[in-house]
Protein chains: 2
Amino acid sequence: MLVAVDCIIFGFDGTHLKLLLIQRAFQPEAGNWSLMGGFVQPDETLPKAAARVLKKLTGIADVYLEELSAFSHPERDPIERTLSVPFTALVDIQQYETQITDDYHAGWFDINKYPKLIFDHREMVEKAKARLRYKAAFHPVLFELLPAKFTIPQLLNLYEEVYDISMDKRNFSRKILSMDLLEKLNEKDKGNSKKGAWLYRLNKKKYKANFHKVASIIPNPDIHYS
Amino acid sequence: MLVAVDCIIFGFDGTHLKLLLIQRAFQPEAGNWSLMGGFVQPDETLPKAAARVLKKLTGIADVYLEELSAFSHPERDPIERTLSVPFTALVDIQQYETQITDDYHAGWFDINKYPKLIFDHREMVEKAKARLRYKAAFHPVLFELLPAKFTIPQLLNLYEEVYDISMDKRNFSRKILSMDLLEKLNEKDKGNSKKGAWLYRLNKKKYKANFHKVASIIPNPDIHYS
DNA sequence: TCAAAAGTGTTTAAAGTACACCCATGA
DNA sequence: TCATGGGTGTACTTTAAACACTTTTGA
């Protein structure tokens, strides 16, 4: 049996949650939109294969990668039986090397409006989206989608986009800051307002140490995943 | 690449959380303790393969099965490269057909004291245990380990065993009943006390409908998983 | 000077936690 | 009659949710 990995790569452009797709270069389905994937090599584990594929497409290393349940339907690949293990990748879209777009005919698409995909890739994307909502309701993973320095209002926008809700900014910032993961910097970001918003950065140590802890950031998180 | 599934089968004997293991019948590692596993057949998905393996070993069908992350180290199987996907199975130990014990040289072991296992099976078991704790802290999966009719004190014992804590029975029963998943029967179980404890059964509809909801049953759930 | 986003504080409601007593029964 | 496990109720603490005003500043 062939074994492959496919990467569901999420990014956040400040307004919308985005998905990175490529136009497939070979048969079957050449020219059609697809997730970036690849076969697992003899010396690789699955996570290593996913990291390799991601690096090749985005130029980014050391990325948040989460393995999802395998896709194993016997006829999912029409040519030869292939098991595929999807990985969710959360990247800082600003670090994406845009020259790659040409090499792979890649493109970022709004998560709510992306083209028809080959095989069962649509199902993978929807699974990854549901999983992201589930995970982010309890664990501070969404920081992975932001640049190293970010503002609380940016973070709020991200949560509102991922869950398609609007949240109370006062309760939100209190909750986020009470998690004690952020360090306030002496800089402001004036990109979005005249007053400017304070920039923060993650305290990586605290982030790692507290990652497994459950933080209920979203009101009524139940209703946001199936 | 060969693709296999391995089942981490949990049961509850009323006191301890148990793990079902077999003595491997073939080389390599013949005679040593192992998880029950098998290769994925040409017409099977992974979950189907896991269900088949489980049925063969326990005689039980329609069991709670949850796929865990794949084990993919290139040298995990010394003979030939084999990818294995572990599945957690939660079974009602009373339904286990004991005659099978002889066929497979199977045995139930205390989850805290089980023999040396082949390959990376110990790691699978530990992952499954951690995952069970995580999952059960938020979702009512532990019912799967009990018979169709059970009492609140039995359920309490189960939670206390899984998390190795003691809980307040008053708060526990209030919490459980407020989830509105149980139906009180007109029977008592007198196995554990003179007074007898009321028997309940799951309302399957409500169970399925509310499964995704998050119920914080364990106090300080954070501290119980890594 | 005013529009637009940033930032802060208080009140109320709900959920979680701690804790103590009575009940039913068989030995 | 008493020891054993089963069952319930209440006060208190903590956490979440709702909500309104002041600040800064560039156009």
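Every value quoted in this text rests on a predicted model; they were computed, and no experiment measured them. Order of the sequence lines fixes the chain letters, A, B, ..., with proteins taken first and strands second; residue numbering starts at 1 for each chain.
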Nearest-0.5 Å distance that lies between atom CG in Asn32(A) and atom CD1 in Ile118(A) =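 With rounding to 0.5 Å, CG (Asn32(A)) is 7.5 Å from CD1 (Ile118(A)).
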Between protein and nucleotides 21-27 of chain D, map the contacts as a letter string: B base, S sugar-phosphate only, - none, heavy atoms under 4.0 Å, written 5' to 3'.
-> --BBBB-
Measure [atom1]/[X] against [atom2]/[N] and give the value in whole Å, please.
| X | N | atom1 | atom2 | answer |
| --- | --- | --- | --- | --- |
| Phe172(B) | dA18(C) | CZ | C1' | 17 Å |
| Leu156(B) | dG6(D) | CG | P | 9 Å |
| Lys175(B) | dA14(C) | NZ | C1' | 13 Å |
| Glu187(B) | dG6(D) | CD | P | 17 Å |
| Ile152(A) | dT8(C) | CD1 | C1' | 13 Å |
| Glu160(B) | dG5(D) | CD | P | 13 Å |
| Tyr200(B) | dG7(D) | OH | P | 6 Å |
| Asp189(B) | dA24(C) | CG | C1' | 15 Å |

Passing candidate, ring pair (Phe, Tyr, Trp, His ring centres under 6.0 Å) with Trp108(A), options Tyr96(A), Phe10(A), Phe12(A) | Tyr96(A)
Of the options Thr58(A), Leu35(A), Val53(A), which is the one that meets Cys7(A) in a side-chain contact (heavy atoms from CB on, under 4.5 Å)?
-> Val53(A)
Nearest-nucleotide wise, let me know which of Asn192(B) and Lys184(B) is further upstream toward the 5' end of DNA chain D.
->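 Result of the comparison: Asn192(B).
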Confirm from the modelled atom types if Arg174(B) and dG7(D) form a donor-acceptor pair under 3.5 Å, side chain to base only.
-> no
With a 3.5 Å cut-off and just heavy-atom distances, do the side chain of Asn171(A) and the base of dA16(D) make a donor-acceptor pair?
->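 When only heavy-atom distances are counted, Asn171(A) does not reach the base of dA16(D) through any donor-acceptor pair under 3.5 Å.
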State whether Trp198(A) and Lys188(A) meet the cation-pi test: NZ (Lys) or CZ (Arg) under 6.0 Å from the six-membered ring centroid, and within 45° of the perpendicular axis.
->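 So Lys188(A) does make the cation-pi contact.
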Audit row: Trp33(A), Tyr114(A), ring pair (Phe, Tyr, Trp, His ring centres under 6.0 Å) steps and yes/no | CA-CA 9 Å; Trp33(A) 290 99; Tyr114(A) 56 91; over 10 Å; no
Are Phe150(B) and Tyr200(B) near enough that their ring centres are under 6.0 Å apart?
-> no
Where does the angle between the aromatic ring planes of Tyr207(B) and Phe143(B) fall among parallel (under 30°), tilted (30 to 60°) and perpendicular (over 60°)?
->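 Rings of Tyr207(B) and Phe143(B): perpendicular, over 60°.
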